[in-house]
Amino acid sequence: MAKQTTIKINKSFDDKMRLLEQRVEDQVKDELFSIADYAIAISPVDTGAYVESFSMLPAGQGGGRSKSSDARRTSVKNGTASRQQFTDIARSNLYSDIEKFSLEASDKVTLRNRAPHARDVEDKHGWSVFTKVRNKFGG
């Protein structure tokens, strides 16, 4: 004859699990905010196109922001804009991406920059933003 037992999972256990899941997700997002802040802080800013082209999306998801500096008339160098104006926009964009991120949907996130001149900024001009981010945060 088969034996069995039934165990009741009480509501407080479910509530505690949800709270733990939320805490983990909050900690992950805090780390992503730190990565975003660091990437912005170490990025060159003239027209704002490079720094505003950052996006943080679930790994494997295509796309992202792409701003060109070609048509921009404002720049830090010519005094028609401030670094703060452009970094505020970039931070707002990245924070919005992070707020949308869900650990249930993906356990990986990709920081990318799709500015047409991103390779030049990274390699030709030697800013190495992505290398610095990787060195500081792993990946």
Side-chain angles (χ1 to χ4, degrees):
M1 181 181 249
K3 292 186 134 200
Q4 70 180 34
T5 186
T6 302
I7 300 169
K8 180 180 179 188
I9 306 293
N10 65 31
K11 185 171 177 356
S12 72
F13 178 78
D14 289 338
D15 292 344
K16 288 175 185 171
M17 288 303 293
R18 270 196 242 49
L19 181 62
L20 283 173
E21 289 170 357
Q22 186 59 51
R23 284 183 181 169
V24 168
E25 187 143 332
D26 289 347
Q27 287 179 342
V28 168
K29 286 184 178 182
D30 285 347
E31 184 74 359
L32 295 176
F33 289 135
S34 295
I35 292 168
D37 289 338
Y38 182 71
I40 291 166
I42 64 171
S43 291
V45 178
D46 179 27
T47 65
Y50 177 82
V51 76
E52 289 179 27
S53 291
F54 278 116
S55 56
M56 201 177 281
L57 302 169
Q61 184 174 329
R65 289 175 199 85
S66 178
K67 306 287 182 182
S68 174
S69 60
D70 293 342
R72 294 198 172 204
R73 297 177 195 269
T74 57
S75 95
V76 173
K77 285 181 186 169
N78 70 19
T80 58
S82 73
R83 176 182 173 83
Q84 191 66 47
Q85 287 172 289
F86 297 130
T87 59
D88 285 349
I89 293 167
R91 185 170 290 102
S92 176
N93 288 341
L94 284 174
Y95 279 24
S96 175
D97 292 346
I98 294 165
E99 287 297 339
K100 294 173 191 169
F101 183 72
S102 166
L103 279 174
E104 290 181 20
S106 177
D107 63 348
K108 293 181 183 178
V109 65
T110 301
L111 175 68
R112 69 174 47 110
N113 190 306
R114 294 187 60 235
H117 57 294
R119 290 255 183 231
D120 288 342
V121 170
E122 287 293 309
D123 304 328
K124 184 177 173 186
H125 299 294
W127 283 89
S128 305
V129 173
F130 284 88
T131 299
K132 291 173 185 172
V133 169
R134 238 183 334 272
N135 288 344
K136 183 169 175 97
F137 294 95

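On a predicted model such as this, the values are computed, not experimentally measured, just so you know. When a residue number appears, it is its place in the shown sequence, counting from 1.
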Practice task
Identify whether Tyr95 and Ile89 are in the same connected component of the hydrophobic contact network (ILVMFWY, side-chain heavy atoms under 4.5 Å).
Solution key: no
Handout entry: Thr110 (side chain) donor-acceptor with Arg112 (main chain) under 3.5 angstrom
Key = no
Handout entry: Distance, nearest 0.5 Å, that separates OH of Tyr50 from OG of Ser68
Key = 14.5 Å
Handout entry: Check: Ile42 and Lys136 side chains under 4.5 Å, non-hydrogen atoms
Key = no
Exercise for the section: Kindly give the heavy-atom pair with the smallest separation between Met56 and Leu111, and that separation in Å. Expected result: CE-CD1, 3.9 Å
Practice task
Before giving the answer on side-chain contact (heavy atoms from CB on, under 4.5 Å), spell out for Lys67 and Phe86 the whole-Å C-alpha distance, their side-chain angles and the decisive distance to 0.1 Å.
Solution key: CA-CA 12 Å; Lys67 306 287 182 182; Phe86 297 130; over 6 Å; no
Problem - Heavy-atom closest contact (Ser69 atom, Thr47 atom, distance) - result: CB-OG1, 3.2 Å
Handout entry: Donor-acceptor contact present, side-chain Lys100 to main-chain Leu57, <3.5 Å
Key = no
Exercise for the section: Given side-chain contact (heavy atoms from CB on, under 4.5 Å), test Asp15 with Arg18 step by step and report yes or no. Expected result: CA-CA 5 Å; Asp15 292 344; Arg18 270 196 242 49; 3.3 Å; yes
Exercise for the section: Find the distance between NZ (Lys29) and CG (Leu32) and round it off to the nearest 0.5 Å. Expected result: 9.0 Å
Problem - More than 12 heavy atoms from other groups under 6.0 Å of NZ on Lys132 - result: yes
Exercise for the section: Using a strict cut-off of less than 4.0 Å between a Lys/Arg side-chain nitrogen and an Asp/Glu carboxylate oxygen, indicate whether Arg23 and Asp26 qualify as a salt bridge. Expected result: no
Handout entry: Donor-acceptor under 3.5 Å (Asp46 side chain, Lys77 main chain)
Key = yes
Completion exercise
In terms of heavy-atom contacts, Ser66 and Arg114 come closest through OG-O, 2.8 Å
Fill in the blank from the handout: Rounding to 0.5 Å, atoms NE2 (His125) and CG (Asp120) come to a distance of 5.0 Å
Fill in the blank from the handout: dist Asn113:CG -> Arg119:CZ (nearest 0.5 Å) comes out at 10.5 Å
Problem - Test item: Ser92 side-chain N/O and Asp88 main-chain N/O as donor-acceptor pair under 3.5 Å - result: no
Exercise for the section: Determine whether Leu20 and Phe13 fall in the same hydrophobic cluster, where Ile, Leu, Val, Met, Phe, Trp and Tyr are linked whenever their side-chain heavy atoms lie under 4.5 Å apart. Expected result: yes
Practice task
State the OG-CD1 distance between Ser34 and Ile98, to the nearest 0.5 angstrom.
Solution key: 9.0 Å
Practice task
Return the minimal non-hydrogen interatomic distance between Thr131 and Glu122, and the atom names on each side.
Solution key: N-OE1, 4.4 Å
Exercise for the section: Give the minimum heavy-atom separation between Val129 and Pro44, together with the two atoms involved. Expected result: CG2-CD, 4.2 Å
Exercise for the section: Give a yes or no answer on whether the side chain of Thr80 reaches the backbone of Ser75 with a donor-acceptor pair at less than 3.5 Å. Expected result: yes
Completion exercise
Minimal heavy-atom distance between Phe101 and Glu25, with the atoms involved, is O-OE2, 3.4 Å
Problem - Distance (rounded to the nearest 0.5 Å) between Glu52 CD and Ser43 OG - result: 11.5 Å
Exercise for the section: Kindly assign one of parallel, tilted or perpendicular to the pair Phe54 and Phe130, based on the angle between their ring planes and the thresholds 30° and 60°. Expected result: tilted
Practice task
May I ask you to decide if Ala49's main-chain N or O and Ser53's side chain share a donor-acceptor pair within less than 3.5 Å?
Solution key: yes
